[in-house]
Amino acid sequence: MTELILQALYSGLLQGGSYALIALGLALVFGTMKIINLAHGELVLLAAYLAYTVEAKAGLGPVFAIPLALVLVSFASVCVYWIVNRIKKDREINSLILTYGIGVILTNAILLIWKADIRTTSSSWLQEAFVVGPLYSMRSELIFFSVSLALMAGLWWWLTRSWYGRALRAVSSNRDAAKLMGINPGKVELVSFIIAGILAAFAGVALFSYGVIQPSYGSALTVKAFIITVLAGIGSIPGVLLGAVLLGVCEALTVTLASSALQELAGMSLFLLVLFVMPNGLFGAARRRG
């Protein structure tokens, strides 16, 4: 039993890193524009299918799809921004409806192009077991867990050290005051969508490398990303990692000790419990005091 629990904790930790990578783009846009991009999961899924295409048609590993995914998913993310930016009234609620519609369009486009079959990587190297003492994982899980940590560290550095990062935080805090300081909110928001597209591209390739994909999976990815974003507290990169790991561990323990049928229920219960105890998220209150 002890080994099973340790394995569940280990698997949950790795899964949490993947969840964090999926949620980063949504958290960035939500923190900047207070807009929930309900098409974010579909952008991640688009990158996953591009990885499948590169593997199936060119015979290359999913990792080689990263450049193509970066270009196409970032372009798609910019298109989403261009459409959302045209909303002038009731931006939050109208953008919510609009991005939901974009997500439906992307889901059906994926369905038309790649059909409804379930896909997974055929790379034996990525699927090989990696043993750490009594713990097991796929090599792809460890690789993309490391990639997730590196991207989160890079995003945190960009937000805190670069001019655009500080400008983005200023727009998030007070859009009108940022204008008075010479910041162009539209340009900053465009950059945030491009960064979100880049993160979604890496997340999609990672998703295909260690899991299975199907066209209807996009909405589930968006829900998980939104849960993690709210758990974290708006704009908190450490909170995204902690929230994602908590969600991953909670789901893994539920599958191990109870039933896989209760996995989604356990995640939602954790979400509601944290919101009940800490309405501002894991790091939201601390940010307000600072």
Side-chain angles (χ1 to χ4, degrees), residues 10-29 40-41 43-55 60-74 76-77 119-132 135-162 165 192 194-213 217 221-222 224-225 228-229 232 236-249 251-252:
Y10 180 62
S11 299
L13 175 65
L14 297 180
Q15 186 65 57
S18 303
Y19 284 166
L21 186 56
I22 292 170
L24 273 177
L26 180 66
L28 181 65
V29 170
H40 179 74
L43 293 177
V44 173
L45 195 61
L46 174 62
Y49 272 98
L50 290 173
Y52 159 73
T53 301
V54 167
E55 182 181 85
L60 300 173
V63 175
F64 291 96
I66 290 177
L68 177 63
L70 287 174
V71 173
L72 294 183
V73 176
S74 295
S77 186
R119 311 290 187 182
T120 187
T121 182
S122 58
S123 171
S124 57
W125 187 82
L126 287 173
Q127 292 180 325
E128 277 183 6
F130 190 89
V131 183
V132 181
L135 306 176
Y136 296 82
S137 67
M138 287 191 295
R139 182 179 278 116
S140 57
E141 290 180 297
L142 282 174
I143 290 173
F144 284 104
F145 179 77
S146 302
V147 170
S148 177
L149 293 180
L151 288 174
M152 276 186 281
L155 181 61
W156 178 83
W157 180 91
W158 181 77
L159 286 171
T160 56
R161 304 299 180 187
S162 70
S192 73
I194 293 173
I195 298 296
I198 291 171
L199 295 169
F202 278 102
V205 174
L207 178 66
F208 176 70
S209 298
Y210 66 78
V212 297
I213 58 173
Y217 196 31
L221 294 176
T222 300
K224 285 190 184 296
I228 293 167
T229 300
S236 173
I237 302 303
V240 168
L241 177 59
L242 180 57
V245 169
L246 282 176
L247 182 62
V249 168
E251 291 183 351

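Keep in mind that this is a model prediction, so the values were computed, not measured.
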> What's the spacing between Leu26 CG and Leu221 CG if we round to 0.5 Å?
11.0 Å
> Run the numbers on Leu28 and Leu159 for side chain to side chain contact (heavy atoms under 4.5 Å, CB included), then give the verdict.
CA-CA 10 Å; Leu28 181 65; Leu159 286 171; 4.1 Å; yes
> Nearest heavy-atom pair of Gln127 and Met138: which atoms, and what distance?
O-CG, 3.7 Å
> What distance separates Lys224 NZ from Tyr217 OH, expressed to the nearest 0.5 Å?
6.5 Å
> As an exercise, state the distance from CD1 of Ile198 to CG of Leu151, rounded to the nearest 0.5 Å.
9.5 Å
> What is the distance from atom CZ of Phe202 to atom CG of Leu207, rounded to the nearest 0.5 Å?
15.0 Å
> Could you point out which residue of Phe145, Tyr210, Phe130 forms a side chain to side chain contact (heavy atoms under 4.5 Å, CB included) with Ser137?
Phe130
> Where the side chain of Ser148 meets the backbone of Phe144, is there a donor-acceptor pair that is under 3.5 Å apart?
no
> Does the Ser77 side chain pair with the main chain of Val73, one donor and one acceptor, at a distance under 3.5 Å?
no
> Between Ser123 and Gly61 (side chain of the first, backbone of the second, donor and acceptor by atom type, cut-off under 3.5 Å), is there such a pair?
no
> Counting distance only, does the side-chain N/O of Ser209 pair as donor-acceptor with the main-chain N or O of Ser140 below 3.5 Å?
no
> Give me the atom names and distance for the closest heavy-atom approach of Ala69 to Ala47.
CB-CB, 4.1 Å
> Measure the spacing between CG of Leu149 and CG of Leu21 and express it to the nearest 0.5 Å.
10.0 Å
> Working to the nearest 0.5 angstrom, can you tell me the gap between Tyr10 OH and Leu135 CG?
6.5 Å
> Treating His40 as the side-chain partner and Ala27 as the backbone partner, does any N or O pair qualify as donor plus acceptor under 3.5 Å?
no
> Say whether, by atom type as modelled, one donor and one acceptor occur between the side chain of Thr222 and the main chain of Gly41 under 3.5 angstrom.
yes
> Before accepting this row, confirm whether a basic side-chain N of the pair Arg119/Glu55 lies closer than 4.0 Å to the acidic partner's carboxylate O.
no
